[in-house]
Amino acid sequence: MFEKRIDEELSLRLLEKHHANALFQLVDVNRERLQRWFPWVETTREPADSEKFIQGALQGFIDGTSLNCGIWYRKKLAGVVGPHSIREMNNNAEIGYWLGQEAEGNGVITRSCTAIIDYLVEERGINRIEARCVLANDRSRLVMERLGMQREGLLRQWLKHDHGYEDVYIYAVLAGEWRERRGRG
Ligand SMILES: CC(C)(COP(=O)(O)OP(=O)(O)OC[C@H]1O[C@@H](n2cnc3c(N)ncnc32)[C@H](O)[C@@H]1OP(=O)(O)O)[C@@H](O)C(=O)NCCC(=O)NCCS
């Protein structure tokens, strides 16, 4: 219902309670590929868990501390994208994203993140947008590079997973760099 249309085939929508079943099904059919990167997949075991996530996302929307959106691609829920942490004190934010396999390889995340970063920079006045990924996550690393984010370093044992701790890369883009890249510098 509350929608940011990106183009003919792609839009971001505020997730609502009634999306919980569809969101859970998407996680469930992609469980194997998602759990390699996200510890939360293990604890998403039934639609009620996805409903809880949606409630948290809506609360973050109210508080202005996050904006996790459902991605609708060719009329189907295809994944989730958003700043999951907006920290007003330091004027920075961190984005995260995932897609079901069916939608992969079409620029869906690059286009979605572009809209999200535009919102953060132009509407929220955020100065720095970060993203992180596990070293082995080539597809995610390529998204950040496609967005023009700079790799700033490696955070040792940052992610606690069921198989142990993992090192992650941290990438970021600054508002000035983003505006220049978008021709608004
Ligand atoms: C990480 C992830 C979101 C990347 O998805 P993706 O589809 O590879 O990323 P994009 O949406 O940027 O699409 C890029 C691909 O679409 C193609 N493409 C088509 N149109 C495009 C456009 N307008 N803009 C950018 N790329 C486009 C690119 O050439 C690229 O193709 P390739 O994969 O054959 O090289 C996805 O692999 C995923 O969900 N993985 C599991 C969860 C995960 O790892 N999340 C991130 C944790 S840090």
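Indexing begins at 1, ligand by ligand and atom by atom, following the structure's order. The first residue of the sequence shown is numbered 1, and numbering continues consecutively from there.
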Quiz prompt | Side chains of I95 and P83 in contact at under 4.5 Å (non-hydrogen atoms) | solution =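 Answer yes - side chains close enough.
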Quiz prompt | Side-chain heavy-atom pair L147, T110 within 4.5 angstrom cut-off | solution =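 Side-chain contact under 4.5 Å: yes.
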Between [X] and ligand 1, does any nitrogen or oxygen pair lie at a separation below 3.5 Å?
{"X": "I109", "result": "yes"}
{"X": "S140", "result": "no"}
{"X": "R132", "result": "no"}
{"X": "L99", "result": "yes"}
{"X": "Y97", "result": "yes"}

Quiz prompt | Candidate with minimal heavy-atom separation from atom 10 (P) of ligand 1, of C133, G107, A131 | solution =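 Result: the heavy atom closest to atom 10 (P) of ligand 1 is in G107.
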Exercise. Would you indicate which of R139, Q35, E104 comes nearest to atom 36 (C) of ligand 1 when only heavy atoms are counted?
Key: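 Minimum heavy-atom distance to atom 36 (C) of ligand 1 goes to E104.
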Quiz item: Which atoms of ligand 1 are found less than 4.0 Å from any heavy atom of R33?
Solution: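 That gives atoms 38 (C), 39 (O), 40 (N), 41 (C) of ligand 1.
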Quiz item: With a cut-off of 4.0 Å, which atoms of ligand 1 are near a heavy atom of L34?
Solution: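 Contacts of ligand 1 toward L34, numbered from 1: 41 (C), 42 (C).
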Quiz prompt | Donor-acceptor pair, side chain of R182 and main chain of W178, under 3.5 angstrom | solution =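 No; zero donor-acceptor contacts below 3.5 Å.
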Practice problem: Ignoring hydrogens and angles, tell me if any N or O in the side chain of H163 forms a donor-acceptor pair with the backbone of R36 under 3.5 Å. | Solution: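 No: the side chain of H163 does not pair with the backbone of R36.
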Quiz prompt | Set of residues satisfying ring-ring contact (aromatic ring centres under 6.0 Å, His included) with respect to W72, sequence neighbours excluded | solution =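 Listed in chain order: H19.
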Quiz item: Of the protein's non-hydrogen atoms, which lies at the shortest distance from atom 17 (C) of ligand 1, and what is that distance?
Solution: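 It is G105 O, 3.5 Å.
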Quiz item: Any idea which protein heavy atom is nearest atom 4 (C) of ligand 1, and the distance to it?
Solution: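 Residue, atom and distance for the closest contact: V143 CG2, 3.7 Å.
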Please indicate, with yes or no, if any protein heavy atom is found under 4.0 Å from [atom]?
{"atom": "atom 19 (C) of ligand 1", "result": "yes"}
{"atom": "atom 28 (C) of ligand 1", "result": "no"}
{"atom": "atom 34 (O) of ligand 1", "result": "no"}

Quiz item: If you measure from each non-hydrogen atom of L142 to ligand 1, which part falls under 4.0 Å: side chain, backbone, both or neither?
Solution: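 Neither part.
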Self-check item: Contact list for residues 87-96, test side chain to side chain donor-acceptor pair (under 3.5 Å), sequence neighbours left out
Solution: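 Checked against side chain to side chain donor-acceptor pair (under 3.5 Å) - neighbours excluded - the pairs reaching residues 87-96 are R87-N92, R87-E94, E88-R124, E94-R132.
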Quiz prompt | Close approach of R36 to ligand 1, heavy atoms, under 4.0 angstrom | solution =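 No; R36 lies far enough from ligand 1 that no heavy-atom distance drops under 4.0 Å.
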